[in-house]
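Notes to accompany the following structure.
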Amino acid sequence: MSTTIRPYGDTRDDGAMQLSFTLPMPWSEAADEAARQLVLAMGFTDVAVADGRAIASGYSQFVVYARTAIGIDIDAIVAPPKRETLDIAGVDALVASRLGRAIRVAGACIGTDAHTVGIDAIMNMKGYKGDYGLERYRAFETYNLGSQIAVEELVRFVRDRAIDAVLVSQVVTQKGSDIANFTALAELLEAENLRERTLLVAGGPRVTNRLAAELGYDAGFGRGTAPSEVATFIARRIVERAHP
Amino acid sequence: MSTTIRPYGDTRDDGAMQLSFTLPMPWSEAADEAARQLVLAMGFTDVAVADGRAIASGYSQFVVYARTAIGIDIDAIVAPPKRETLDIAGVDALVASRLGRAIRVAGACIGTDAHTVGIDAIMNMKGYKGDYGLERYRAFETYNLGSQIAVEELVRFVRDRAIDAVLVSQVVTQKGSDIANFTALAELLEAENLRERTLLVAGGPRVTNRLAAELGYDAGFGRGTAPSEVATFIARRIVERAHP
Amino acid sequence: MELRIDLSAVASARALAARITAPVVAFVGQHSTVAVERATLRLLGLDGVGRDEIPLPNRFVDALAPSTRARGVAGALGAAMAETGASLDAIARDVDAGTIDLEAFAAVPEAASRAVLEPLVRAAFVRIDRARAAREAYLARLPQGAPPLLYVIVASGNIYEDRSAAVAAAEAGAQIIAVIRSTAQSLLDYVPYGATTEGFGGTYATQENFRIMRAALDEAGERLGRYIMLTNYASGLAMPEIAAIAALERLDMLLNDSMYGILFRDINMKRTFVDQHFSRLINARAGIIINTGEDNYLTTADAVDQAPAVLASQFINEAFAHAAGMPDAQIGLGDAYEIDPDREDGFLMQIAQAQLARQAFPNAPLKYMPPTKHMTGDIFRGHVMDALFNLTSVMSHQTIHLLGMMTEAIHTPFLSDRALAIENARYVMNTARHFGDDIEFKAGGRIERRAAEVLASALALLQDVESRGLMTAIETKTFADVARMRDGGRGADGVFARDERYWNPFEEALAPRGALA
Amino acid sequence: MELRIDLSAVASARALAARITAPVVAFVGQHSTVAVERATLRLLGLDGVGRDEIPLPNRFVDALAPSTRARGVAGALGAAMAETGASLDAIARDVDAGTIDLEAFAAVPEAASRAVLEPLVRAAFVRIDRARAAREAYLARLPQGAPPLLYVIVASGNIYEDRSAAVAAAEAGAQIIAVIRSTAQSLLDYVPYGATTEGFGGTYATQENFRIMRAALDEAGERLGRYIMLTNYASGLAMPEIAAIAALERLDMLLNDSMYGILFRDINMKRTFVDQHFSRLINARAGIIINTGEDNYLTTADAVDQAPAVLASQFINEAFAHAAGMPDAQIGLGDAYEIDPDREDGFLMQIAQAQLARQAFPNAPLKYMPPTKHMTGDIFRGHVMDALFNLTSVMSHQTIHLLGMMTEAIHTPFLSDRALAIENARYVMNTARHFGDDIEFKAGGRIERRAAEVLASALALLQDVESRGLMTAIETKTFADVARMRDGGRGADGVFARDERYWNPFEEALAPRGALA
Ligand code: B12
Ligand code: B12
Ligand SMILES: Cc1ncc(COP(=O)(O)O)c(C=O)c1O
Ligand SMILES: Cc1ncc(COP(=O)(O)O)c(C=O)c1O
């Protein structure tokens, strides 16, 4: 099957979109025209420069409405598997009955990133938006290493404490620092022969499961993640690995 | 010469742009992914779906930041000729000395359009933002026909009063009604053999000089037009035609 | 937050408005219009189109000789029915076909006409009253939520697209849906027929379109647990007829201004005065809240200068509504947030004006319109202007809150524009829910001084209008900077003096005692 | 709009804060840190890097034996200069090369050291005082415009990109430019050197970068007819040194909090207390306005719960600043607009808190931070949140107004984000310029009740801290929900007890009489 949809303004398939951007040129009518031609060159049609003005001496700002003919076949989208979430009792029961011991989980904000609110939301007792964090589960033995943890330090910890699941957070993404840090961790675990036996989970507002997979992680969790989703995922995977 | 520029986020040539649009599908993570793939398919890179959420049962709304590699050569932009503006005395003097009579100008909001504020701003004594309107000039004998003037009525008026310059306004643009009305007027003037001897000027917030030219008009004036720009244009052109 | 305002000035203004409108109401009592007569036929049950797709009510009224028409269409119809025994519908078809001569029944006694129409009149009231009762039952069962009531427009031209858009908006939180009419429908001297899918800048107001939208919103309302109100436009050459079909199809509100058509559409003033009165008689019975159009003063002229004219017009609209028997709770007086955003302390002036209206008309469901004129293509700035408008509205307890669209200067709203506008209002109105209740104005401060100034100027304006008469005032550019002659404008030929034997069963039933003295 | 607040509670809170900080200030009088000593060298004129690109001040202080260091770097340097006749620079190069043994001059009498340093100390004050005078002259000639002063950040990592962005922002209306430091520079126990073009989440604070930005803003200021202020971050392991170079390069403000490093960067508390004091002595002399970091409490915990902690911390920051001789006009206490946007009447709570700070610290140039934590990828909603923040700020007369960015949750600001933020603030602050002055709070209303509650809780918190001592309080999660041990954290090994012969020429000149008793 194939169902192609397009952006929607007020009529199906009208392809209407809003764009805004800056051009590094002083504003004049010619700048409006440059904006229009630029958006046309991108393949849009019905390009209307709704606003164009100077925002600094050498910079102009534009608001543009335009239409696109490009559509997307939504049946071809590989939707991230809908993660079914167990409650605390469910996770605890699963781990107790199938694994018979607590899963050792280490969490950290690696590299120079000091944004701990996200990883804390997942790990701390308190949790996130009414959903309790991993510390609350009997199924987990948790270590929250905190912020700005060097990759080497985390790997050492994983080895020394025989950690089962590593949760790493990256919030700062400027200049690709998140990718660099995630990659460094995956590579070092590999080099130390720890990758096989640890579940490796990435998180942060710009993380998607797809991105995590590309980086060689077992899963990725993005904005708005609830701790129970993560708990369920870890429990299921570790149990599966123990009883393949 | 050729100077190619690209959209600017925080670094020259980073190509950063903001987009927002609706997709006619319920929100889910798959919808975010559809939005991402759609923007990729448009040729953007570094596509980040900053926000995705349901805005109604079958509709999702997205805010996306992405980068484009497409640039525009600003030296190739045909800038609309910078219109130099005379003051009232200048226009009056030009017309008095070179034409020796007042120019007869008729203005109207044609079709079903009732947005007279724009054409009034150009014609009425009071003018626009401190710039007096055409009625204030001795160089012009003005007739402001007002709103919702049928094309036939306007053409009749042009013939009966031997109008030199016709100013037409279109503010409503929905479903191309502006283009239809502008075109109908141009064609009827042509059919009645009046086109040659009348200066035909279009105006309205979506009008550009380029659009007007495409429609066979002598000029087009868009948002923010000052009456003196229009006055100068009419005076110069009519004088030129009288003394080619 | 209460302004210390001069209550005696408010009382004087109200008294002046009553004196200003009294002679006009008297004039109304001696005249009728083709539109009033067509509305009468519609209430009696006539619908459909005839030859050349012309609506049957038009065909019927146009078929009347002037002298017959002067006695009212009801008499002519009743006579024909009494004499021929045929139904309203059959007679109307015959009129359309030209196979019946309505003048032929001139001799039928009035009593006979009245008798034969009586069941139709009763049926009309049953239908109107049922719609009203249905609304009340809905509101009791599915409360619409607290004011300011979020009001958005749909305007695609296609009623089916509008329907989807309206339901989506309701889901996003809209409490009132307005279907904007096709550009200048107010100038059509008839009501178009059937479901329509083409229009410019809006969708035709037709009875079928009303029905389609009403059904969709009722369904959405059930699903959302909130009754969704529906509104449309009456003002214009077909004002009484639109009031009639709106009453039948359970619209909840109608744009209905006593002077809008005159000032902004160059409709003849006598025509408008007569039409607005009859339309409001119907609105009153139907429990429909009218929305007046004072906001229009502000879109063509400077909003600071026009504030007194707005207030004066609100008093006049109120007086006309009272004359048609409307209770305050149905009089949605209009105002708008149109002061130049670049003006220092413009926000204070907006608050002064909004709160002044609130206190001058304490029981009226005020209608508050968003910034439009000063909106530009800069959607980000526009969205912030709308936020301050939303704040002003919740602070001053406005009732009917038209949502501002960040794309106001660009296009008629996209689905997403409405959703973002609703989100803006919901956020602002929730985070600042009791802000207005928690503050007071500094005595004699900028806000109070501005309110006092507007009130004093409005009073002066009303005094001037009273001394010269409303029609003369309109002839001399008193309102909206435009002059309209009493015999000029569109639709003048549709106004006629009533014969002394004129009667109209609906007017008789609805007119407040002594109003058309 | 004035809150009726309990002035005696404010006075008690202030007195408590003085009592809370007094023992800490006494502790400071008995200790020094490597950073204080390095800053002393910088003030004396030392700059540049040596082996392994390590800054010369670090090389110098690290070369001191603990016992020598305990007497202060000034004594060691003065002795070496007096004995060798060499310049500061030459000696520092020798230290770097390891060709001089600083312990060799231990016998040089203090008076000789003092005498040889005297011209350098004088030169330092001449430079600092000249910068201050230059600022005052600029401000007189090119007034910066009325508060709230619009403050935007640049943070590209590249000082040259930052420069373009800063100039563009100034053109768009910014009055203060902050160059955000590279992520976690606060953890560097030195000040990086030279112009830098790489950084994460910000641009390194270096003396050369300060100079580059200062020059660009002076030029832009001339062109625009407005002096543009420049700010950067001091708090961290190099706090005193950054204060020193900022004084030399005429920065106008500095982020400088007495507890930020402890709570949010796990820097040792003794280290921070000593460092903040010395850095503020310098800031005071330089006329630099400090900005404290109370906003940080609100980004990690609930803003409604944390309001009392914010107020208590403001009192503590004020007391520490007073102890360093800062006048109120230089104490930019921090607060932020971080209450959950979905909370009913959250706006009222924000106003209560902002106005409470305004009245508790009537002469302080309050620093007001925008919504950050609750900003999402929905830039439209975010822009509206920023608008209400802007409104709150102009109403409550905040001084230093950090602009909120609609893209807060997405990326460090684009050029256009800053321009749109400035446009938002200018519009709101102009249209509502005197709104705050034109209203009063209802006595005992929601806003007043909230303010009273926050004040009472802050007082209770301060009482508790006073009874247990500040260091113990910090050890037991009293602030920001985090516990920090008095001997734990980063940089603890850089703190040392002063020998009784310790002296520091700058401290002596700058310490307010009796402060370090
Ligand atoms: C709070 C905050 C801070 C606090 C951090 C306090 C702390 N202890 O965490 C302070 C003030 C210290 C701070 C400092 C800085 N910040 Co900051 N900060 C923010 C802010 C406002 C909120 C972040 C937050 O707490 N979100 C709430 C949490 C709950 O959401 P979350 O992190 O997305 O987490 C959820 C999911 O992503 C997921 N998740 C996250 N991690 C993980 C991990 C795993 C394993 C899993 C399963 C799930 C998961 O689950 C969580 C719950 O759903 C954001 C802006 C914003 N509104 O997003 C900027 C922001 C993140 N900061 C930014 C920057 C640049 C900085 C600084 C470098 C400089 C500056 N501009 O202030 C410094 C340096 C800090 C450093 N060394 O890293 C930028 C990052 C830009 C970018 N994309 O690269 C942002 C976006 C602001 C901006 N626009 O400039 N910041
Ligand atoms: C005021 C207004 C009205 C008033 C008009 C009063 C009047 N007498 O003009 C009223 C309330 C009656 C009205 C009604 C309607 N309006 Co209206 N209206 C506006 C509004 C708010 C402002 C327009 C305005 O006055 N601009 C100020 C003038 C000075 O600017 P201007 O027209 O661009 O003119 C300047 C230049 O363009 C140029 N210019 C213009 N004409 C000419 C001609 C010549 C010859 C020259 C040289 C220059 C020139 O010079 C002028 C000075 O610089 C706009 C929204 C907005 N903010 O733009 C909507 C808007 C134009 N309206 C709109 C619509 C759809 C309608 C309605 C159909 C329904 C509705 N939604 O209200 C009705 C029907 C009216 C009809 N039959 O045409 C839409 C049009 C959408 C579209 N692009 O197609 C808009 C954009 C609102 C919206 N987003 O839905 N409207
Ligand atoms: C009171 C009133 N009636 C009617 C209308 C619009 O109707 P039309 O465009 O058909 O004239 C408006 C528009 O603003 C109005 O305010
Ligand atoms: C007072 C204070 N100092 C310093 C900083 C940041 O410095 P760093 O990121 O280097 O720790 C902040 C950040 O909010 C702050 O509030």
Side-chain angles (χ1 to χ4, degrees), chain A residues 3 5-10 12-13 15-25 28-44 48-52 58-60 62-64 68 70-74 76-83 173 205-206 208-210 222-223, chain B residues 3 5-10 12-13 15-25 28-44 48-52 58-60 62-64 68 70-74 76-83 173 205-206 208-210 222-223:
Chain A
T3 316
I5 62 170
R6 291 195 175 70
Y8 180 104
D10 61 2
R12 186 160 287 263
D13 285 334
M17 298 186 61
Q18 176 267 326
L19 299 89
S20 78
F21 55 92
T22 307
L23 286 181
M25 69 188 291
S28 68
E29 279 180 49
D32 279 0
E33 179 59 15
R36 197 183 67 88
Q37 289 187 19
L38 179 71
V39 177
L40 278 172
M42 291 172 184
F44 291 92
V49 178
D51 191 46
Y59 299 91
S60 301
F62 304 94
V63 173
V64 171
T68 181
I70 295 179
I72 178 102
D73 177 3
I74 49 174
I77 301 284
V78 190
K82 180 82 205 112
R83 294 175 172 122
T173 61
R206 289 271 152 269
T208 59
N209 206 30
R210 186 187 42 75
R223 59 184 157 83
Chain B
T3 317
I5 61 170
R6 291 195 176 69
Y8 180 105
D10 61 2
R12 186 160 287 264
D13 285 334
M17 298 186 62
Q18 176 268 325
L19 298 89
S20 78
F21 55 92
T22 307
L23 286 181
M25 70 188 289
S28 70
E29 278 180 51
D32 279 1
E33 179 59 14
R36 197 183 69 86
Q37 290 187 20
L38 179 71
V39 176
L40 279 172
M42 291 172 182
F44 291 93
V49 178
D51 192 46
Y59 299 91
S60 301
F62 304 93
V63 172
V64 172
T68 181
I70 294 178
I72 178 102
D73 177 3
I74 49 174
I77 301 283
V78 191
K82 180 80 205 112
R83 293 176 174 123
T173 60
R206 290 270 153 270
T208 58
N209 205 32
R210 187 187 41 76
R223 60 185 156 82

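Residue numbers begin at 1 in each chain, while the letters A, B, ... track the order of the sequences. Every value quoted in this text rests on a predicted model; they were computed, and no experiment measured them.
- For B:Asp13, no part lies under 4.5 angstrom from a heavy atom of chain A.
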How far apart are the C-alpha atoms of B:Phe21 and A:Thr68, what are their side-chain angles, what is the distance that settles it, and do they pass the side-chain contact (heavy atoms from CB on, under 4.5 Å) test?
CA-CA 11 Å; B:Phe21 55 92; A:Thr68 181; over 6 Å; no
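- In this structure, A:Glu33 CD and B:Ile77 CD1 are separated by 5.5 Å, a value rounded to the nearest 0.5 Å.
- Contacts of B:Arg6 with chain A are made by backbone atoms alone, with heavy-atom separations under 4.5 Å and no side-chain atom involved.
- Heavy atoms closer than 4.5 Å to chain A are found in both the backbone and the side chain of B:Leu38.
- With hydrogens and angles ignored, the 3.5 Å screen pairs no side-chain donor or acceptor of B:Asp51 with any backbone N or O of B:Phe62.
- Closest non-hydrogen pair, B:Ile70 versus A:Met42, comes out as CD1-CA, 3.7 Å.
- At distances below 3.5 Å, at least one donor-acceptor pair connects side-chain atoms of A:Ser60 with backbone N or O atoms of A:Met25.
- Considering only heavy atoms from C-beta on, A:Phe44 stays 4.5 Å or farther from A:Val64 through its side chain.
- Of the residues considered (B:Ser28, B:Pro24, B:Ala34), B:Pro24 shows the highest number of contacts with chain A, using heavy-atom pairs under 4.5 Å.
- When heavy atoms are compared at a cutoff of 4.5 Å, A:Ala16 approaches chain B solely by way of its backbone atoms N, CA, C and O.
- Looking at A:Ser20, both its backbone and its side chain come within 4.5 Å of chain B, counting heavy atoms on both sides.
- Highest contact tally toward chain A, considering only B:Ala50, B:Gly71, B:Ala35, is held by B:Ala50 [criterion: heavy-atom pairs under 4.5 Å].
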